Amino acid sequence: MTINKWLFAIVRYRGLDATPPPSSQQPGPCTTRRSASAAEMFLFGSDDDAKTDRDIHINNPERNEEQKFLHNRITTAKYNVFTFLLRFLFEQFSKYANLFFLFIGVIQQINDLSPTNKFGTLLPLSIVLFASAVKEVLEDQKRHKQDDEVNNRIVKVLVGSAFVEKKWLQVNVGDIVRVENGQFFPADLVLLSSSEPDALCYIET
């Protein structure tokens, strides 16, 4: 997304519509109302019952940390070092073809039930699983690299009375950020001010 020159914006909690305090008041808490999800509609019965209020304290990270908002880090990778083996095997044997050949391979290990070679099915299946594992690892490494690139992009965040450069993953709910012309938005934002006349903001998606 791009804008003209610059704008000031407050980081918005995903799924919330924030209403900033009146301009005549000092920056304080910002009341938000979240739209009900389908699960909440099922549990509570109506949209009004499922809605909840949250207070976002503008430029006050200490107060916002108390509410345990989600972080701004993104993760699109499927695996990590600890979960790869279990998740990979679960995915592979969720496919009926692999599960069928595994069952045949197990039956072949019983001499009285199968006259065929014990490794006639397990060996080809192992080769297929190994090739699939290599492919998954290479693709997931690309996802990790892309995640790191996005999470480590730089944006200017208001700290005290000055703007400080921070990584996207360090941006928190309630932070006031300054987005320059041609920059990407680091999170869901609510527009506070713009360098354009009448505080207009032009966005490319």
Side-chain angles (χ1 to χ4, degrees), residues 1-41 47-48 50-78 80 139-205:
M1 301 180 180
T2 60
I3 59 173
N4 286 355
K5 296 184 181 178
W6 54 263
L7 65 81
F8 295 115
I10 180 173
V11 177
R12 173 177 174 268
Y13 183 76
R14 294 186 183 279
L16 297 177
D17 294 323
T19 305
S23 56
S24 60
Q25 300 178 3
Q26 295 296 324
C30 175
T31 301
T32 61
R33 182 164 289 274
R34 179 168 55 88
S35 300
S37 64
E40 290 168 331
M41 290 286 290
D47 184 68
D48 292 335
K51 289 179 179 178
T52 56
D53 290 333
R54 290 185 175 92
D55 289 333
I56 294 178
H57 299 272
I58 300 176
N59 203 26
N60 191 337
E62 292 79 12
R63 294 293 301 275
N64 288 323
E65 284 179 4
E66 297 174 0
Q67 304 192 55
K68 302 185 184 303
F69 290 118
L70 291 177
H71 54 73
N72 197 47
R73 184 176 63 255
I74 67 165
T75 303
T76 60
K78 296 170 60 177
N80 59 42
E139 289 182 351
D140 214 51
Q141 283 180 340
K142 294 179 181 179
R143 296 190 193 99
H144 278 289
K145 183 178 180 180
Q146 291 172 349
D147 290 345
D148 290 339
E149 289 177 356
V150 172
N151 289 327
N152 289 293
R153 285 177 178 171
I154 301 299
V155 67
K156 292 181 180 179
V157 180
L158 183 64
V159 179
S161 59
F163 281 93
V164 177
E165 290 187 346
K166 286 188 177 183
K167 297 178 180 180
W168 281 18
L169 57 85
Q170 297 173 321
V171 174
N172 297 309
V173 175
D175 285 348
I176 296 177
V177 300
R178 173 170 175 160
V179 183
E180 306 287 346
N181 180 41
Q183 286 185 335
F184 290 94
F185 287 179
D188 293 340
L189 304 175
V190 174
L191 178 64
L192 297 181
S193 179
S194 170
S195 61
E196 287 297 300
D198 300 323
L200 296 177
C201 175
Y202 300 96
I203 301 173
E204 294 179 3
T205 58

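This is a predicted model, so every value here is computed, not measured.
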> Given N151 and I74, is the side chain to side chain contact (heavy atoms under 4.5 Å, CB included) satisfied, shown in steps?
Replying inline: CA-CA 7 Å; N151 289 327; I74 67 165; 3.4 Å; yes
>> Between N72 and L169, does the side chain to side chain contact (heavy atoms under 4.5 Å, CB included) criterion hold? Intermediate values first, please.
In response: CA-CA 5 Å; N72 197 47; L169 57 85; 5.8 Å; no
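Salt-bridge check for D140 with R143: passed, with a basic side-chain N closer than 4.0 Å to an acidic carboxylate O. A salt bridge links E180 with K156: at least one charged nitrogen is closer than 4.0 Å to a carboxylate oxygen.
Looking at K166, Q183, K167, Q170 one by one, the single match for side-chain contact (heavy atoms from CB on, under 4.5 Å) with I154 turns out to be K167.
Going from atom NZ of K145 over to atom CD of Q141 covers 10.5 Å, rounded to the nearest 0.5 Å. Rounding to the nearest 0.5 Å places CZ of R178 at 13.5 Å from CG of L192.
Across all non-hydrogen atoms, the minimal contact from F163 to I176 is CE2-O, 4.0 Å. For L191 against S193, the heavy-atom pair with the smallest separation is CD1-O, 3.3 Å. When all heavy atoms of C201 and I203 are compared, the closest pair comes out as SG-CG1, 3.7 Å. Heavy atoms only, all atoms of each residue included: F185 and W168 are closest at O-CH2, 3.4 Å. N152 and D148 get closest at one heavy-atom pair: ND2-O, 2.6 Å. The shortest heavy-atom contact between V173 and L70 is CG2-O, 4.4 Å.
Side-chain contact between I56 and F69 is present, with heavy atoms from C-beta onward closer than 4.5 Å.
The closest side-chain donor-acceptor pair between D147 and T76 falls under 3.5 angstrom.
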